[in-house]
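Within every chain, numbering begins at 1; the chains are lettered A, B, ... in the order of the sequence lines, protein sequences first and strands thereafter.
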Amino acid sequence: MNNQDRTKQILNDFDIQAFQQDLIRWFKDEQRILPWRENQDPYRVWVSEIMLQQTKVDTVIPYFNHFMEKFPDPESLATADEQEVLKAWEGLGYYSRARNLQTAVREVVEEYGGVVPHDPKELGDLKGVGPYTKGAILSIAYDTPEPAVDGNVMRVLSRILHVEDDIAKPKTRKVFEELVRGVISTEDPSSFNQGMMELGALVCTPKTPSCMLCPVQEHCRAFNEGIETTLPVKSSKKKQKKIPYKIVIIENNRGEVLIEQRPNEGLLASLWQYPMIPMKDLGQESAKIWFEDQYGLEVEWGQKLENIKHVFSHLIWEMEVVKAHIINGELDHERARFVSKEELNDYPFPVSHQKAHKHTSL
DNA sequence: AACTCGGGGGC
DNA sequence: GCCCCAGAGTT
């Protein structure tokens, strides 16, 4: 059965009108006051939606406010230096979001006169604007009845409509998009979509939902069947791989510290870090050889400063922070340089390496 | 479809 | 520890 026919079957005997009304009424009464809800400025909505990807509201708020002061409109972001944008994103994670956002904003300025496209195709073709973000911008900024299916929406709808599809599977999002098309309010799609997400964040939470406070409790099949905590169905993901590194703190005779810029693609792209030796298959002596080969500096290991474990979504860095002293040689590395401790603050560092700042800046 | 890509907070 | 979060891009 295709998704459209399935939607009809699932929504058979579901009171769409009453559900919409109860959800929207609750959202209008109980919604949180958030900076990106001050108005419907599509640029603000856009920036907020990118920041909110896989990131909690409380984390985003200060970043959003600062970002809007620094880059208040598409033009200011389009003309900004990429390192400046990354610095504003520092600590937020998923840094390709920042790069893609700037790429897309530049396209909006050049191709669309600085106006965020209303057209779903044009909007969805922008870098970093996927199915969710497209629907969120169209509904929230432009009052268009398009689905915006995120983790909240899948959790909420899986319970209300008793859908047992595994939400970890890519194709399941399409199932819920079709369901949203079936239940979304055409009068107020913005409040409907935001209401679904707000409900997921405040009431219909993953572990212990507050069903007694739920504005759409009477519409919820899972609650009525007493199975709300068994939904949604989600297959678990595998655990992270551990990778050992040696983090090297080196000062020259001017009191400057050695840092380097990471590659422009891949993990933590274009961010800065202290030199980092991959210790898998390397011992203490061969690490020195590796370091001299890479940087042109002959060093001896100094004091062991700290062990840092940093957990990513898909891997774990086990970092031994050590001091090193230059014995001989001249720095010879495309992306590395000595900088003063004051200048360190101008470079975007991933949190993993910010943890090592205390060994240089204090 | 599976993998990559950050970091924080809840329990 | 494990799970989740207003997901998207790449392979």
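Every residue two or more places apart in sequence or in another chain that forms a salt bridge (Lys or Arg N to Asp or Glu O under 4.0 Å) with A/Glu256 is listed here: A/Arg254. A search for side chain to side chain contact (heavy atoms under 4.5 Å, CB included) contacts involving A/Glu75 returns A/Asp73, A/Val109, not counting sequence neighbours. Taking A/Arg25 as the reference, A/Lys28, A/Asp29 meet the side chain to side chain contact (heavy atoms under 4.5 Å, CB included) condition, with sequence neighbours excluded. Residues satisfying the side chain to side chain contact (heavy atoms under 4.5 Å, CB included) criterion with A/Ser235, sequence neighbours excluded, are A/Asp166, A/Ala168. In this structure, A/Trp46 has no ring-ring contact (aromatic ring centres under 6.0 Å, His included) partners at least two apart in sequence or on a different chain. A search for side chain to side chain contact (heavy atoms under 4.5 Å, CB included) contacts involving A/Lys56 returns A/Thr59, not counting sequence neighbours. Annotation: side chain to side chain donor-acceptor pair (under 3.5 Å) contacts of A/Lys237 (sequence neighbours excluded): none.
Shown for residues 122-154 of chain A: no residue has heavy atoms falling under 4.0 angstrom of DNA chain B. Contacts with DNA chain C (heavy atom under 4.0 Å) in residues 163-194 of chain A: none are found.
Here CD of A/Glu49 is found 3.5 Å from OH of A/Tyr132. Values are rounded to the nearest 0.5 Å.
Note that the first and last nucleotides of DNA chain C, 5' to 3', having any atom under 4.0 angstrom from a heavy atom of chain A are C/dG1 to C/dG9.
Between the P atoms of B/dC5 and C/dA6, the separation comes to 23 Å (whole Å). Rounded to whole Å, the separation between the P atoms of C/dT11 and B/dG6 comes to 15 Å.
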Taking Watson-Crick and G-U wobble contacts under 3.5 angstrom, with | marking pairs to another strand and [ ] crossing pairs, the secondary structure of DNA chain B is written |||||.|||||
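The residue A/Arg99 sits apart from the nucleic acid: no heavy atom pair falls under 4.0 Å.
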Protein-proximity profile, nucleotides 3-11 of chain B, B/S/- by nucleotide at the 4.0 Å heavy-atom cutoff, equals SSBBBS---
